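In this text, all values refer to a predicted model and were calculated from it rather than measured experimentally.
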Amino acid sequence: MTDDSKSRVYIFDTTLRDGEQSPGATMTHAEKLEIAELLEDMGVDIIEAGFPIASEGDFRAVSEIAQRSKTAVICGLARAQLGDIDRCWEAVRQAPRPRIHTFIGTSPLHRAIPNLSMDEMADRIHQTVTHARNLCDNVQWSPMDATRTEWDYLCRVVEIAIKAGATTINIPDTVGYTAPRESADLIRRLIQTVPGADEVIFATHCHNDLGLATANTLAAVEGGARQVECTINGLGERAGNTALEEVVMALKVRGDIMPFATGVDTRKIMHISRRVSSVSGFPVQFNKAIVGKNAFAHESGIHQDGMLKNKETFEIMRPEDVGLAGTSLPLGKHSGRAALRAKLRDLGVEVGDNQLKDIFVRFKDLADRKKEVFDEDILALVTAAMTEGADHLEIVSLKVVCGTGGPAEAVLEMEVGGQEMSTTMEGDGPVDATFKAVRALYPNKARLQLYQVNAVTEGTDAQATVSVRLEEDGKIATGQSADTDTVYASAKAYVNALNRLHVRRSKTGTDTKEISYKDVS
């Protein structure tokens with residue numbers, strides 16, 4: 001282990017692999033490339049870009065991310081099988097800094113799945129890690145469900161992996177069962193006990209089943225871990241993973257007791273958080289630490305009085321630290337493009353001239369309809385501009401009539417494959433009528449799994465962010481849109497999800513997962 005690694009915590013982001021394993025969070029090829037670019041721009045050290053053998057779509061995404069990368073280590077996941085490892089290496093080998101990450105479940109429960117004895121599993125670990133190291137000089141190994149693996153056996157297999165050439169040893173708390181003191185003790189004892197442990201970097205990967213992922217991760221750092229595995233917004237299997245924004249800001253704010261540096265530009269956190277929320281279809285809860293809508297909001301009189309006198313009274317970090325300029329946005333309908341571009345830069349968002357033109361038109365429209373325009377409104381506009389494009393389905397106009405006198409009625413005009421069509425449908429409320437109108441113009445078998453509405457800001461003129469999740473023949477697609485008109489935002493979100501299903505149907509197999517036993521965390 002180098003001297004630098006003793007004072008530095010390396011950030012390993014697995015949003016594109018573990019995060020995408022959340023049911024319904026599958027991203028398109030273009031979205032994966034975009035998120036990888038944002039992660040690298042933010043300063044993430046290692047990007048786990050996917051599981052190359054899981055599908056042809058995953059392989060293509062990992063391969064192209066590897067080719068496009070500049071500074072970050074690009075990592076692919078592989079089971080403890082030679083074919084997996086070969087496919088992983090084929091995907092990452094063109095990266096300037098490639099890594100193979102191979103794993104196997106070592107706890108009694110996971111050993112029973114392939115029906116391997118302790119000795120047989122030890123032999124396989126030696127064989128597969130050696131094979132990976134012969135291909136790549138940067139190899140990470142993970143004993144899945146390490147925290148429920150017998151202590152003596154865990155020490156044995158970690159030693160085998162180190163001797164076989166692993167340069168990073170990741171200790172996953174796969175089911176989020178560990179408590180912080182146990183997390184710290186486990187890392188500390190492994191470093192003290194296993195021969196050669198001082199020559200490799202130990203990593204920690206914690207799940208949030210008991211709400212302890214970030215606490216366990218920070219405890220592991222205190223115990224000697226120098227790589228933390230995390231995802232944007234804590235996205236991941238079941239209750240999710242350690243959230244990148246939480247662990248990075250905790251290390252920054254509490255440098256007095258955890259004097260470790262990261263290379264992450266925290267000013268870009270809010271932008272990537274909103275973008276990942278948009279492409280995954282998973283809204284960020286209002287009270288989410290760091291990136292939640294209420295993270296820098298103060299409503300009670302006592303808190304407001306304290307904030308007016310000294311912001312540090314109730315804020316341990318500044319909104320600017322994570323990419324927010326403050327609570328309100330001093331832009332209105334008379335503001336020009338230059339002012340909008342300056343504000344976007346303050347929020348950590350860089351856009352091209354064409355994107356700025358699109359966002360500016362949306363901004364002007366919003367400023368005409370809202371009394372106040374907030375930072376969150378601007379970020380929602382950016383998300384909408386990046387999400388929408390030349391799709392198979394596009395809404396031309398929507399008129400809805402509803403009230404107590406009878407069923408709601410939706411009059412919809414929509415382009416389907418470039419052909420303009422219209423219909424009028426009734427329904428049990430305005431959203432139901434609108435969705436029925438969409439289905440009448442574009443018949444489909446998609447089943448609505450989730451319909452969720454959140455207000456971006458306060459007030460009756462607030463933008464509503466609507467998230468829709470659809471399922472069709474086992475494929476899941478999500479859509480998200482924001483507008484001050486909740487019904488219109490609902491229609492756009494529904495159509496966005498249908499567009500994603502249409503793309504998948506036209507490219508069968510591109511983004512589907514073909515392996516069910518793929519959890520490594």
Side-chain angles (χ1 to χ4, degrees), residues 10 12-21 26-27 29 32-33 35-36 39-40 44-69 72-106 110 114 121 124-144 157 160-162 164-170 172 174 200-201 203 205 227 229 231 236-237 509-521:
Y10 296 96
F12 178 111
D13 184 274
T14 183
T15 302
L16 296 174
R17 199 278 302 168
D18 198 330
E20 204 205 10
Q21 288 180 190
T26 300
M27 304 175 197
H29 183 78
K32 291 176 184 178
L33 299 182
I35 296 303
L39 289 169
E40 187 168 50
V44 165
D45 298 293
I46 305 104
I47 299 172
E48 189 165 55
F51 197 169
I53 205 168
S55 71
E56 184 60 30
D58 250 25
F59 177 83
R60 289 196 310 110
V62 176
S63 181
E64 191 164 345
I65 289 169
Q67 294 172 42
R68 292 184 174 206
S69 65
V73 172
I74 304 301
C75 176
L77 184 68
R79 295 169 300 180
Q81 296 179 15
L82 301 186
D84 275 42
I85 293 169
D86 288 340
R87 188 65 166 163
C88 180
W89 174 239
E90 188 180 351
V92 302
R93 64 185 304 170
Q94 295 186 62
R97 302 174 66 195
R99 174 183 291 189
I100 295 173
H101 177 195
T102 184
F103 73 97
I104 194 168
T106 54
H110 285 269
M121 180 167 285
R124 179 176 293 188
I125 292 167
H126 179 267
Q127 177 192 29
T128 53
V129 174
T130 299
H131 183 68
R133 184 56 192 265
N134 286 337
L135 297 172
C136 181
D137 62 4
N138 190 339
V139 175
Q140 175 169 318
W141 178 75
S142 293
M144 184 164 64
V157 292
I160 288 171
I162 292 174
T167 51
T168 300
I169 301 294
N170 175 47
T174 299
V200 301
I201 290 178
H205 182 126
Q227 176 182 295
E229 304 204 356
T231 60
E237 297 273 10
T510 297
D511 286 302
T512 57
K513 301 291 184 188
E514 298 166 359
I515 292 178
S516 58
Y517 182 60
K518 59 185 184 300
D519 185 6
V520 61
S521 354

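- Atom CD1 of Ile100 sits about 12.5 Å away from atom OG1 of Thr168, to the nearest 0.5 Å.
- Side-chain contact check for Ile125 versus Ile104: some heavy-atom pair is nearer than 4.5 Å.
- In this structure, CD on Glu40 lies 11.0 Å from CG on Asp45, to the nearest 0.5 angstrom.
- Separation of atoms OG1 (Thr102) and CZ (Arg124) is listed at 10.0 Å; rounding is to 0.5 Å.
- The side-chain heavy atoms of Arg87 and Val62, taken from C-beta on, include no pair separated by under 4.5 Å.
- The two atoms that bring Ala49 and Ile74 nearest to each other are CB-CG2, 4.1 Å, heavy atoms only.
- Note: Cys88 SG to Gln81 CD = 13.0 Å, rounded to the nearest 0.5 Å.
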Do any side-chain atoms of residues 134-141 form donor-acceptor pairs under 3.5 angstrom with protein atoms, and if so which ones, sequence neighbours left out?
unit_1, atom_1, unit_2, atom_2, d
Asn134, ND2, Thr130, O, 3.3
Asn138, OD1, Arg99, NE, 2.8
Gln140, OE1, Arg99, NH1, 2.7
Gln140, OE1, Gln227, NE2, 3.1
Gln140, NE2, His101, NE2, 3.4
Gln140, NE2, Glu229, OE2, 2.6

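- Salt bridge annotation for Lys32-Asp58: present, with a cationic side-chain nitrogen under 4.0 angstrom from a carboxylate oxygen.
- Residues Arg17 and Phe51 come closest through the heavy atom pair CG-N, 4.1 Å.
- Arg68 pairs by the side chain to side chain contact (heavy atoms under 4.5 Å, CB included) definition with Leu33, Glu64, not counting sequence neighbours.
- Taking both residues in full, the closest heavy atoms of Ala91 and Ala66 are given as O-CB, 3.7 Å, listed atom of the first, atom of the second, then distance.
- Side-chain contact check for Leu77 versus Glu48: some heavy-atom pair is nearer than 4.5 Å.
- Between Pro52 and Trp89 the shortest side-chain heavy-atom distance does not fall below 4.5 Å.
- Annotation for Val92 and Gly76: closest pair CG1-N, 3.7 Å, computed over non-hydrogen atoms.
- Scanning all heavy atoms of the two residues, the minimum distance from Ile47 to Ala36 falls at CD1-O, 3.6 Å.
- Contact between Pro114 and Met121 at its shortest, heavy atoms only, is CG-CE, 4.5 Å.
- In this structure, Asn170 CG and Phe12 CZ are separated by 7.0 Å, a value rounded to the nearest 0.5 Å.
- Taken from NE2 in His131 to OG1 in Thr128, the straight-line distance is 9.0 Å, to the nearest 0.5 Å.
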